[in-house]
Amino acid sequence: MADFTVGDDDFRIDGKPVRLLSGALHYFRVHEGQWDHRLAMLRAMGLNCVETYVPWNLHEPRPGGFRDVGALGRFLDAAQRAGLWAIVRPGPYICAEWENGGLPAWVTGRFGRRVRTRDAGYVDAVRAWFAELLPQVVARQVDRGGPVIMVQAENEYGSYGTDAAYLGQLADLLTGSGVVVPLFTSDGPEDHMLTGGSVPGLLATANFGSGAREAFRVLRRHQASGPLMCMEFWCGWFEHWGAPPVVRDPAQAAGALAEILECGASVNIYMAHGGTNFGGWAGANRSGPLQDQGLLPTVTSYDYDAPVDEYGRATEKFRLFREVLAGYADGPLPALPPEPVGLAPVRAELTGWAPLPAVLEALGDEETAESGVPPTFEELGVDRGLVRYRVAVPGPRRPYTLGVSGLRDRAVVYVDGVRRGVLGEESAALEEPVAGPAEVELWVESLGRVNYGPRLGEPKGITGGVLHERQYLHGVRARALRLDAFDEPGAVAGVPFVPVDGEGGAGLYRGTFDVAGGADHAGLELPGWTRGFVWVNGFCLGRYWSAGPQHTLYVPGPVLRAGVNEVWVLETEGAGAPFVELGPGLPVRSGWQPRGARRGLQW
């Protein structure tokens with residue numbers, strides 16, 4: 001048992017000053033079979049603490065339908081085995097470049113702009129979620145012999161709103177549920193963010209990537225005493241589909257870390273190990289100064305240019321950070337655990353294929369009755385996946401432009417069974433006009449819900465309508481193909497596959513490859529494929545897209561098995577290829593040049 005407190009100038013364990021040297025590692029972005037190795041890497045880097053968010057939508061995808069909430073507790077137990085304290089950030093909103101900022105689609109669909117406010121219905125939904133989640137945290141607090149030393153109330157709320165009543169209600173929910181360790185908030189080091197996000201009586205911390213002295217000077221204007229802490233030291237960055245890679249020079253990042261510590265502050269390195277957005281859970285951003293313009297979907301990899309890369313290997317940034325942190329250690333740092341071993345190159349031949357309509361028939365929801373307007377994903381109860389919309393163009397009539405208002409995010413359009421084009425938010429009309437009568441199908445895919453900014457919680461699917469010239473087409477039917485339908489045991493066995501003959505288009509492909517055993521990971525590449533999702537032995541690796549910059553998907557070693565392995569590829573847009581390739585993965589990053597900015601702050 002121990003007592004962790006927030007003093008006037010520092011953190012204290014049983015009354016003795018302690019500096020928190022923490023690193024972010026999200027349990028939900030790392031396969032559970034690899035937690036111990038990644039936590040050992042944090043210890044070897046010189047850290048004494050690990051921080052994790054908790055994604056509400058992963059654990060309660062349907063109202064009251066909870067799924068593996070105990071994963072958080074198992075991760076906290078693993079952290080304790082590794083000799084690390086733990087900081088828990090349960091939200092309910094987490095941002096984290098995660099689908100919908102961690103809020104379930106059913107919550108934002110039900111409460112809309114009332115989320116993250118004092119609205120009684122929304123707060124009741126949070127209360128029910130916390131009642132399920134927080135026992136995992138309470139039982140593992142440091143005063144009960146566990147590793148948990150601090151818990152966050154909300155997340156970067158000052159970037160979003162000023163509802164002090166809501167923040168106070170959340171703090172009360174946490175303490176009323178048995179959280180006795182110190183609560184804290186974290187915000188950007190700007191006056192409007194700190195005034196909007198801080199809570200009287202709770203420790204305020206700052207998030208930034210550089211300029212520690214100035215950031216802490218601003219923080220001190222709002223909190224005259226208490227330990228200084230950078231709760232998110234952005235040592236790297238995430239990436240968007242279709243955009244250049246975003247990376248940071250290791251020496252520059254190490255210098256920024258050193259400056260934080262020279263200020264006498266504690267730190268949480270974001271990310272120490274980023275991991276992967278498995279299962280299609282990657283979120284999205286909006287462009288523009290206020291994050292309210294074009295959609296920027298996040299890639300599957302969450303490598304983050306972190307010191308421990310996506311494959312669990314030490315980078316040059318790791319070595320430089322270890323040198324900085326060694327100067328603040330009580331003794332010699334632990335040795336690094338063995339470096340993970342990659343899979344020897346192998347090709348998976350894809351021998352079976354089923355077109356998308358057949359996959360929808362086998363795994364999809366029931367089709368809705370005709371309606372006046374297209375139902376959104378939220379109205380259909382869909383978080384991740386595809387929805388096929390069907391509508392008729394009456395006739396006879398001459399050719400007119402066919403388009404979609406409020407398309408989110410991407411649609412492959414068929415007219416009378418013939419593919420006519422791909423629509424997006426910024427180009428939502430077919431190039432060639434369509435005459436009537438005609439039958440139109442639009443296969444609409446969500447590319448990830450916005451996780452940050454004023455458009456958090458915006459609906460997906462066709463949020464306006466299908467237009468022929470200026471006329472809305474009514475009598476729309478919709479049928480969903482949920483991504484989690486593929487998780488059901490034996491589900492794919494009901495899909496009517498036929499042999500791949502080189503003519504296959506969008507649909508589900510399957511094949512096998514052999515593994516001799518002993519690999520800690522693999523990198524999977526899809527040359528010739530366009531966009532979709534991949535599973536290995538039933539485990540969803542996430543989205544692939546030829547748009548780049550990511551062209552290799554990470555495969556955790558625990559997913560692989562000695563002997564025959566099965567791979568599924570759901571190609572949603574183009575024609576598939578007869579194979580995918582697996583190998584040892586990408587080389588370790590080193591020597592990159594800095595670029596990028598975070599929410600108006602430069603590195």
Side-chain angles (χ1 to χ4, degrees), residues 53-64 66 88-96 98-135 137-138 150-188 190-207 222-223 231 283 286 290-292 378 449-459 599:
Y53 280 124
V54 181
W56 181 4
N57 51 8
L58 181 68
H59 295 300
E60 193 181 3
R62 309 283 182 272
F66 298 104
V88 179
R89 303 168 80 185
Y93 163 82
I94 63 172
C95 183
W98 189 258
E99 162 84 8
N100 219 28
L103 297 174
W106 62 265
V107 168
T108 53
R110 179 183 299 176
F111 299 107
R113 60 194 176 92
R114 292 178 287 153
V115 300
R116 304 187 76 189
T117 73
R118 71 189 78 181
D119 177 79
Y122 169 69
V123 173
D124 282 346
V126 175
R127 180 179 290 108
W129 160 234
F130 275 4
E132 189 74 19
L133 171 72
L134 290 178
V137 178
V138 170
M150 288 202 300
V151 173
Q152 180 171 275
E154 243 275 356
N155 182 62
E156 292 187 320
Y157 190 74
S159 297
Y160 182 81
T162 61
D163 195 340
Y166 163 61
L167 294 180
Q169 288 174 322
L170 276 186
D172 290 343
L173 277 179
L174 291 165
T175 56
S177 299
V179 176
V180 298
V181 295
L183 301 181
F184 69 93
T185 59
S186 65
D187 289 284
E190 298 184 30
D191 290 329
H192 72 288
M193 294 181 180
L194 287 164
T195 53
S198 299
V199 177
L202 271 59
L203 177 71
T205 65
N207 300 340
H222 296 263
Q223 185 169 261
M231 188 53 67
R286 288 280 178 181
L290 298 179
Q291 291 83 41
D292 61 352
E378 285 68 23
R449 286 179 174 82
V450 168
N451 52 254
Y452 178 83
R455 293 182 67 169
L456 173 75
E458 63 184 7
R599 301 170 194 173

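Everything quoted here is computed from the prediction, not taken from an experiment.
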Answer yes or no: is there a donor N or O on one side and an acceptor on the other, between the side chain of Q291 and the main chain of R286, under 3.5 Å?
no
For a side chain to side chain contact (heavy atoms under 4.5 Å, CB included) check, start with the C-alpha distance between Y122 and L103, then their side-chain angles and the critical distance, and finish with the verdict.
CA-CA 11 Å; Y122 169 69; L103 297 174; 3.9 Å; yes
Do D191 and H222 come close enough that some side-chain heavy atom pair is under 4.5 Å?
yes
Could you check whether any side-chain heavy atom of Y160 comes within less than 4.5 Å of a side-chain heavy atom of E154, counting everything from C-beta outward?
no
Quick check: do L174 and L134 have side-chain heavy atoms less than 4.5 Å from each other?
yes
So, taking the atom named OG1 in T195 and the one named CD in E190, what distance separates them when rounded to the nearest 0.5 Å?
10.5 Å
Just wondering, are more than 12 heavy atoms of other shown residues or ligands nearer than 6.0 Å to CZ in R113?
no
Testing the basics here: between S186 and T205, what is the closest heavy-atom pair and its distance to 0.1 Å?
CB-OG1, 3.2 Å
Verdict with supporting geometry, Q223 and L203, side chain to side chain contact (heavy atoms under 4.5 Å, CB included)
CA-CA 8 Å; Q223 185 169 261; L203 177 71; 3.4 Å; yes
Do you know which two heavy atoms are closest between P104 and N57, and how far apart they sit?
CA-CB, 3.5 Å
So which atom in F111 and which in A125 form the shortest heavy-atom distance, rounded to 0.1 Å?
CE1-CB, 4.2 Å
Write down the atom of L290, the atom of P454, and the distance for their closest heavy-atom approach.
O-CD, 3.2 Å
Please examine the side chains of V107 and W56, heavy atoms only from C-beta on, and report whether any two atoms are closer than 4.5 Å.
yes
Under 3.5 Å donor-acceptor, Y93 side chain and N451 backbone
yes
What I'd like to find out is whether the side chain of T175 reaches to under 4.5 Å of the side chain of V180, using heavy atoms alone.
no
Less than 4.5 Å apart, any side-chain heavy atom of W98 and any of Y53?
no
Are the side chain of D187 and the backbone N or O of G158 linked by a donor-acceptor pair below 3.5 Å?
yes
Nearest non-hydrogen partners of H59 and V54, listed with the distance:
CD2-CG1, 4.1 Å
Do M231 and R89 make a side-chain contact, defined as non-hydrogen atoms from C-beta onward lying under 4.5 Å apart?
yes
Measure the shortest side-chain to side-chain distance between W129 and F66 over non-hydrogen atoms and say whether it is less than 4.5 angstrom.
yes
Look up atom CG in L202 and atom OG1 in T185, then write down how far apart they are to the nearest 0.5 Å.
6.5 Å
At what distance, to the nearest 0.5 angstrom, does CG of L167 lie from CZ of R116?
9.0 Å
As a test of understanding, state which of D172, D163, D124 forms a salt bridge (charged side-chain N to carboxylate O under 4.0 Å, His left out) with R118.
D163
Got a second to check how far E99's CD is from I94's CD1, nearest 0.5 Å?
11.0 Å
If you measure from CG on N100 to SG on C95, what distance do you get to the nearest 0.5 Å?
11.0 Å
Can you name the nearest heavy-atom pair linking Y166 to V123, along with the distance?
CD1-CG2, 4.4 Å
